[in-house]
Amino acid sequence: MRVFMTGGTGFVGSMLTKRLTSKGHVVTLLTRKIRKSHPVPQGVSMVEGNPTQPGPWQEDAANHEILINLAGAPVYRRWTDAEKHLIHDSRIETTKNLVNALERRTGMKTTLLSTSAVGYYGFHGDETLNEGSLPGKDFLASIAREWEETALRAEALGARVALCRFGIVLGLGGGALGEMIPIFNKGLGSPLGSGRQWCSWIHQMDLARIFLFIMEREDLSGAFNCTAPEPVRNKELTKVLGEVLGRPTIMPSVPGFVIRMIKGEFGNVLLKGQRVLPEKLLKTGFQFQYPDLSSALEDLLV
C-alpha cells in the first residue's frame with residue numbers, strides 16, 4: 001500500500017518507516033526541508049511542505065491509501081506559553097490540514113491512523129483505564145481530546161479513522177530511553193517523587209506492529225491504547241532498567257517539589273502518570289511480542 005506520513009523523520013516515524021518498507025509498503029514522508037545530502041531509503045520518497053500550513057503537499061497526501069499522522073512538537077520540556085502554543089498548533093493544525101487533504105481524493109478507500117496519547121485520560125492514580133474511560137481536563141488531556149476530535153472529522157469524508165493513544169515508547173535512538181540511559185550509566189538513576197505513579201509503556205517494535213495490524217484490519221476503527229498489557233510503577237521501571245544496564249539504583253528518590261521546580265507544569269506528567277491497558281487490541285487478537293518490561297528492555301539493551 002501507499003503510505004503518506006507526517007512526522008516521519010522523528011524517533012517513532014523513522015522506526016515505523018523502516019518496518020513499513022520491509023513489508024513492501026511504499027512510504028512518502030512530508031518534511032519541511034528536503035536535504036539532498038541525506039540519502040533516501042529504498043521504498044521512500046520525500047515531499048516538501050509545512051504540515052501546519054495548507055499547501056501542494058495535500059495533493060500528494062490525497063493519492064495514498066494510508067495516512068499516518070505522527071507530527072507534533074515534543075512535550076518533554078518546561079511549558080512556557082509559547083511552548084504550549086507550539087504543542088497545540090503542531091498537532092491540531094497538522095491534523096486539520098491532513099483531513100482537509102481528503103477532500104481531494106478520487107474515490108479510493110483511505111485509512112487515517114492519527115497519533116494521540118494516554119495523556120488523554122488525565123491523572124487517575126491507581127485506577128485502571130481502557131479506551132472507554134473519560135478524558136481528563138488538564139493541558140495534555142485537552143490537547144489530546146481536540147487532536148482526536150479533529151482527526152475524526154475524516155470519517156465524514158469517508159475515511160476509516162484509528163486513534164493511536166501512545167504510552168511511553170521504549171526504543172533506541174531517542175525517546176524516553178535516550179533521556180534515561182545516560183543518567184543511569186552515571187549511577188544516578190532513581191525513582192521520581194513517590195515512585196508509585198504508573199508508567200504505561202510500549203516497545204517500539206510492538207508499536208510498529210500495531211500500526212500494521214490496524215492497517216490490514218479494515219474492520220478496526222476508533223481509539224486504541226498503544227501500550228503494553230503490563231504497566232509498571234515508576235519505582236519498578238527504575239529497578240528493572242538499572243538491572244538490565246548493570247547499574248546500581250541506590251540513589252534516593254528525586255523529591256516531587258524539585259521536579260516541579262525544574263519542569264514546571266510538565267512535572268505533573270512525570271509525577272502522576274496513568275495506568276492504561278490495551279483492552280481493545282487484546283480483544284481483537286493482537287499479540288504483543290514484549291508484554292513485560294524486562295523482556296522489552298533486554299531486547300533493546302542486552
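Side chains included, hydrogens not; waters and symmetry mates left out as well; all remaining heavy atoms used.
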Which is it for Asn225 and Tyr121 under the side chain to side chain contact (heavy atoms under 4.5 Å, CB included) test, yes or no, and what are the steps along the way? CA-CA 11 Å; Asn225 289 334; Tyr121 302 108; 2.6 Å; yes

Working for side-chain hydrogen bond (donor to acceptor under 3.5 Å, both in side chains), residues Ser45 and Thr28: CA-CA 5 Å; Ser45 60; Thr28 302; 3.2 Å; yes

More than 12 heavy atoms of other residues, nucleotides or ligands under 6.0 Å from CZ of Arg196: is that the case? no

Considering all heavy atoms, the nearest Phe211-Cys164 contact: CZ-SG, 4.1 Å

Could you check Leu293, Val244, Val240 and say which one makes a side chain to side chain contact (heavy atoms under 4.5 Å, CB included) with Glu298? Val244

So do the side chains of Asn63 and Phe4 get within less than 4.5 Å of each other, counting heavy atoms only? no

Passes side-chain hydrogen bond (donor to acceptor under 3.5 Å, both in side chains), Arg217 versus Thr284? Steps please. CA-CA 10 Å; Arg217 286 279 302 269; Thr284 58; 5.1 Å; no

Within the supplied structure, the quantity of interest is the number of heavy atoms (other residues, nucleotides, ligands) at a distance under 6.0 Å from Asp126 CG; does it exceed 12? yes

On a heavy-atom basis, the closest approach of Thr238 and Gly189 is CG2-C, 4.2 Å

Determine the interplanar angle of the Phe266 and Tyr76 rings, folded into 0 to 90°, and report it as parallel if under 30°, tilted if 30 to 60°, perpendicular if over 60°. perpendicular

Could you tell me how the ring of His203 sits relative to the ring of Tyr290: parallel (under 30°), tilted (30 to 60°) or perpendicular (over 60°)? parallel

For Leu102 and Ala159, work out which heavy atoms get closest and say how close. CD1-CB, 3.9 Å

Which distance, rounded to the nearest 0.5 Å, do you find between the CE of Met15 and the CG of Leu207? 5.0 Å

Looking at Ser221 and Arg160, what are the two nearest heavy atoms and their distance? CB-CG, 4.1 Å

I'd like to know if Lys239 pairs up with Glu236 as an ion pair, taking the criterion as any Lys NZ or Arg NE/NH1/NH2 lying under 4.0 Å from an Asp or Glu carboxylate oxygen. no

Walk me through whether Arg209 and Phe286 qualify under side chain to side chain contact (heavy atoms under 4.5 Å, CB included). CA-CA 9 Å; Arg209 291 176 60 247; Phe286 182 81; 3.4 Å; yes

Salt bridge Asp81-Lys84, side-chain N to carboxylate O under 4.0 Å: no

Salt-bridge contact Arg104-Glu59 (side-chain N to carboxylate O under 4.0 Å): yes

Going through the checks in order, is the side-chain hydrogen bond (donor to acceptor under 3.5 Å, both in side chains) test met by Asn69 and Thr95? CA-CA 7 Å; Asn69 183 26; Thr95 306; 2.8 Å; yes

If you measure from the Lys or Arg side-chain nitrogens to the Asp or Glu carboxylate oxygens, is any gap between Arg2 and Asp60 under 4.0 Å? no

Taking NZ in Lys280 as the centre, count heavy atoms belonging to other residues, nucleotides or ligands within less than 6.0 Å. Is the count above 12? yes

Is it true that Glu149 and Arg153 have a side-chain N and a carboxylate O under 4.0 angstrom from each other? no

Could you tell me which non-hydrogen atom of Leu192 sits nearest to which non-hydrogen atom of Gln197, and how far apart they are? O-NE2, 2.9 Å

Is a side-chain donor or acceptor of Arg247 paired with a backbone partner of Asn185 at a separation under 3.5 angstrom? yes

Minimal non-hydrogen separation, Pro191 against Asn234, with atom names: CA-OD1, 3.3 Å

Quick one: CD1 on Ile34 to CE on Met46, what's the gap to the nearest 0.5 Å? 6.5 Å

As a quick check of understanding, evaluate salt bridge (charged side-chain N to carboxylate O under 4.0 Å, His left out) for Glu148 and Arg165, giving each step before the final call. CA-CA 10 Å; Glu148 293 188 4; Arg165 294 174 180 163; 2.7 Å; yes

